There are 2 protein chains.
Amino acid sequence: MKEVFIKMVLDAWNLKIKETDNLLDKLTDEQLLKEISPNKNRGIYLLGHLVAVNDNMLPLLNFGEQLYPQLDDIFINSPDKSKPITISAAELRQYWKSINLKLSGHISSLQAEEWFQKHNSISMEDFQKEQHRNKLNIIINRTNHLSYHLGQLALLKN
Amino acid sequence: MKEVFIKMVLDAWNLKIKETDNLLDKLTDEQLLKEISPNKNRGIYLLGHLVAVNDNMLPLLNFGEQLYPQLDDIFINSPDKSKPITISAAELRQYWKSINLKLSGHISSLQAEEWFQKHNSISMEDFQKEQHRNKLNIIINRTNHLSYHLGQLALLKN
């Protein structure tokens, strides 16, 4: 039963990553530089944001250090257009592939029991009262977060 | 363990419904009539689509008949602007509340084991080979679908 739960959650995550890959393949760098709607976030900001959020999953899930901690300041801690984006769309596309490859290796080698252990942003004391705040729950929440921004990025298509 | 997992999935679903409620409270009917981005879906179409998708969860989860089957033709089977929307934003807001109240009553009274039974769009034969295609998996997928369109509806805010 535990394996069935885990498969349900990981299948949904992998599907959304794949849908994002497919969308990115269709969008040109020029399209990524456009706003998803007038005066809203640009595609490149959302791509950088998604890379940075996935990168932060490494320490959160105890998989290791972030690969691109320099992205947090521009893409997580600041709204779009408040700081210059000093990285190209082409580089961000590469980072997106690299971080997902890294994550996917760790995800597929995690043992079933480990998914139900606490993640790194909750104390042992709180976790004892709130057992649902485990590593697998991070995947559920991050899949929803990815879906939210995927719906926005899809607006850049012709 | 089964209860912890069900809580994880239902918490995520309830959170997204609540975030959508909060967003709808902020948007005027006039804003809902606008496109989320030039030449893309209108807010009212997305709201009707989300009502119709939730309504379809009733038969899918064996909770009963749809409340608003007349919405399927306009909001599921046809893209926006291909058919006139013959229902007001005010009515759709009311339908959104009603369908979610109905769903939430069924969801909270379902027993833990029932969440791991097959939903109504898969044969018993297929389900025996693919146990992850259960009722709880519908909630995971519909939460992602809601998040996708919530990200789009949020663009209507000033």
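Convention: sequence-line order gives letters A, B, ...; per-chain numbering from 1. Only a predicted model underlies this, so the values are computations on that prediction, with no experimental measurement involved.
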Mind listing the closest non-hydrogen atom pair of [X] and [Y] along with its distance?
X: B:Lys157; Y: A:Lys40; answer: O-NZ, 2.9 Å
X: B:Phe5; Y: A:Leu136; answer: CE1-CD2, 3.7 Å
X: B:Ala154; Y: A:Tyr148; answer: CB-OH, 3.4 Å

Does atom [atom1] of [X] have more than 12 heavy-atom neighbours from other groups under 6.0 Å away?
X: B:Lys18; atom1: NZ; result: no
X: A:Lys102; atom1: NZ; result: no
X: A:Asn158; atom1: CG; result: no

Just give me the residue among [options] that pairs up with chain B most often, heavy atom to heavy atom, under 4.5 Å.
options: A:His132, A:His149, A:Met8, A:Lys7; result: A:Met8
options: A:Asn141, A:Leu15, A:Asn41, A:Leu155; result: A:Leu155
options: A:Leu150, A:Leu146, A:Asn144, A:Val4; result: A:Asn144

hydrophobic_cluster_shared for [Y] and [X], side chain cutoff 4.5 Å:
X: A:Trp115; Y: A:Phe127; result: no
X: B:Val53; Y: B:Tyr45; result: no
X: B:Ile17; Y: B:Leu67; result: yes
X: A:Ile87; Y: A:Leu33; result: yes
X: A:Ile122; Y: A:Ile138; result: no

Does A:Thr143 form a side-chain contact (heavy atoms from CB on, under 4.5 Å) with B:Thr143? I'd like the steps, not just the answer.
CA-CA 9 Å; A:Thr143 308; B:Thr143 308; over 6 Å; no

Residue [X] versus chain A: region with a heavy atom under 4.5 Å:
X: B:Asn134; answer: side chain
X: B:Lys16; answer: side chain
X: B:Asn39; answer: neither

Can you list the steps and then say if B:Val9 with A:Ile140 is a side-chain contact (heavy atoms from CB on, under 4.5 Å)?
CA-CA 8 Å; B:Val9 173; A:Ile140 293 178; 4.2 Å; yes

Looking only at atom types and distance, does a side-chain atom of B:Ser37 sit under 3.5 Å from a main-chain N or O of A:Ile36, one as donor and one as acceptor?
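Confirmed, B:Ser37 side chain pairs with A:Ile36 backbone.
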
Look at the side chain of B:Gln152 and the backbone N and O of A:Gln152, then say whether any donor-acceptor pair between them is shorter than 3.5 Å.
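Answer holds: no.
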
